[in-house]
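Inspection log for the structure reproduced underneath, given as structure tokens.
The residues of the chain are indexed from 1 along the displayed sequence.
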Amino acid sequence: DGNSFSSVNDTVTITMPVAYCKTMDWTGALLSPRFISTNCVLNIYGSLKLEAGMLFKTSEISFESTSPGEVITSKGYYYNGTNFRFNGIGGGWTFTDSLKGGANIYLTNGTLNTNSQYIGCNSLFAGSSSMPTLLLGTTTIDCIFGFNANSSTELTLNAAASTIRCTSFSSGANQHYNDVESYHNININYGSINNAICEDFNGDNNSINNLQFTSTASFYGDSNFNKN
């Protein structure tokens, strides 16, 4: 809160390889505090709430709550290479604002609700034998390296009003779109010098409002399209 720090850029540093907390809440913290845990896996069993103007530098966050109702508030923070892993069986997390930067998002358990907020990330991977749920609403997702939504036996997906844009300056990223799902807009643009690698791009039973390739593409595996 506003009484937590006495000087500008006061820093909380974690040096141990693994750390645990219930909810990490920086709401109201003044003087641009810093949180640094670059070589630590931070296990959060509740919500994550950042404050505007702070530095939050961590390489790995594992969300382990087994209850619905958790929130993630970023307050405009730009994540740089942070891994977000949603692992809690039965857990539920909702974004209250945009997620920006170069995060890698992994959904293996529970329900992730983007709440129609903007997501800018390196990559998004969703799906496992535990059948997690990904609710995108009207979210626009800008993925640099790839969007991977596993088969319909490994994920419950609501993406019928979303926009997914995959852009990269590095070739070799994979795009996976699971079968028997509805998407709104998908745009893949790897620039004039790169080639989009699309593996198992299954459109046979998908409903896609608008599919655009604005770069060259190579297809591998089962990639099927039917125009309705």
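- Counting heavy atoms from C-beta on, the side chains of Cys21 and Asn43 never come closer than 4.5 Å.
- With a 4.5 Å cut-off on side-chain heavy atoms, Ile105 and Leu99 count as touching.
- Taking the six-membered ring where tryptophan is involved, the planes of Phe56 and Tyr77 are perpendicular, since the angle between them exceeds 60° and thus also 30°.
- Using modelled atom types, no side-chain atom of Ser130 and backbone atom of Pro132 make a donor-acceptor pair closer than 3.5 Å.
- Screening residues 31-45 for salt bridge (Lys or Arg N to Asp or Glu O under 4.0 Å) gives no qualifying pairs among residues at least two apart or on separate chains.
- Under the 4.5 Å side-chain heavy-atom criterion for ILVMFWY residues, no single connected hydrophobic cluster contains both Val71 and Phe86.
- Asn115 and Thr94 form no side-chain donor-acceptor contact under 3.5 Å, judged by distance and modelled atom types alone.
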Checklist line | Worked check of side chain to side chain contact (heavy atoms under 4.5 Å, CB included) between Phe5 and Val12 | finding: CA-CA 10 Å; Phe5 302 98; Val12 176; 4.1 Å; yes

Note to self: Determine whether Leu112 and Phe63 satisfy the following criterion, side chain to side chain contact (heavy atoms under 4.5 Å, CB included), listing intermediate values before the conclusion.
What the structure shows: CA-CA 11 Å; Leu112 178 60; Phe63 293 94; over 6 Å; no

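- Both Ile44 and Leu55 belong to a common hydrophobic cluster when Ile, Leu, Val, Met, Phe, Trp and Tyr are linked at side-chain heavy-atom distances under 4.5 angstrom.
- For the side chain to side chain donor-acceptor pair (under 3.5 Å) criterion with Tyr118, the lone passing option out of Asp142, Thr140, Thr139 is Asp142.
- The CD1 atom of Ile61 sits 10.0 Å away from the SG atom of Cys40 when rounded to the nearest 0.5 Å.
- Distance check: Thr111 OG1 to Asn113 CG gives 8.5 Å after rounding to the nearest 0.5 Å.
- For the salt bridge (Lys or Arg N to Asp or Glu O under 4.0 Å) condition, the pairs that include at least one residue of residues 72-87, sequence neighbours left out, are Glu51-Lys75, Glu60-Arg85.
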Check: Is there a side-chain hydrogen bond (donor to acceptor under 3.5 Å, both in side chains) between Thr82 and Thr58 once you walk through the steps?
Finding: CA-CA 6 Å; Thr82 301; Thr58 185; over 6 Å; no

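- Leu135 belongs to no hydrophobic cluster, as no Ile, Leu, Val, Met, Phe, Trp or Tyr side chain comes under 4.5 Å of its own.
- When the shell of 6.0 Å around CG of Asn9 is examined, it contains more than 12 heavy atoms from other residues, nucleotides or ligands.
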Next item on the list: Assess whether side chain to side chain contact (heavy atoms under 4.5 Å, CB included) is satisfied between Leu124 and Ile164, documenting all intermediate values.
Entry: CA-CA 11 Å; Leu124 190 154; Ile164 300 168; over 6 Å; no

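- Note: Ser128 OG to Ile89 CD1 = 8.5 Å, rounded to the nearest 0.5 Å.
- Of all the heavy atoms in Ser74 and Ser98, the pair that sits closest is CB-O, 3.6 Å.
- Contacts of Tyr45 classified as ring pair (Phe, Tyr, Trp, His ring centres under 6.0 Å), with partners at least two apart in sequence or in another chain: none.
- Note on ring orientation: taking the six-membered ring where Trp is involved, the planes of Phe84 and Tyr79 are perpendicular (angle over 60°, cut-offs 30° and 60°).
- No donor-acceptor pair closer than 3.5 Å links the side chain of Thr66 to the backbone N or O of Gly90.
- In the hydrophobic clustering of this structure, Val41 does not group with Leu48; members are Ile, Leu, Val, Met, Phe, Trp, Tyr whose side-chain heavy atoms approach within less than 4.5 Å, directly or through other members.
- Side-chain N/O atoms of Asn87 and Asn109 include no donor and acceptor closer than 3.5 Å.
- Taking both residues in full, the closest heavy atoms of Gly110 and Trp93 are given as CA-CZ3, 4.1 Å, listed atom of the first, atom of the second, then distance.
- Between the CG atom of Leu157 and the CG atom of Leu136 there is a distance of 5.5 Å, given to the nearest 0.5 Å.
- Under a hydrophobic-cluster definition in which Ile, Leu, Val, Met, Phe, Trp and Tyr are linked whenever side-chain heavy atoms come within less than 4.5 Å, directly or via other members, Tyr20 and Met16 are assigned to different clusters.
- With hydrogens and angles ignored, the 3.5 Å screen pairs no side-chain donor or acceptor of Thr156 with any backbone N or O of Thr133.
- The ring pair (Phe, Tyr, Trp, His ring centres under 6.0 Å) check on Phe125 picks up Tyr106, with sequence neighbours excluded.
- With rounding to the nearest 0.5 angstrom, the NZ atom of Lys49 is 13.0 Å from the CE atom of Met24.
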Check: Can you list the steps and then say if Cys121 with Cys143 is a side chain to side chain contact (heavy atoms under 4.5 Å, CB included)?
Finding: CA-CA 5 Å; Cys121 60; Cys143 284; 3.6 Å; yes

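- Counting only distance, with no hydrogens or angles, the side chain of Asn122 and the backbone of Gly102 share a donor-acceptor pair below 3.5 Å.
- At most 12 heavy atoms of other shown residues, nucleotides or ligands fall within 6.0 angstrom of atom CG in Asn39.
- Grouping Ile, Leu, Val, Met, Phe, Trp and Tyr by side-chain contacts under 4.5 Å, direct or through others, puts Leu30 with Val8, Leu31.
- Rounding to the nearest 0.5 Å gives a distance of 4.0 Å between CD of Glu70 and OG of Ser47.
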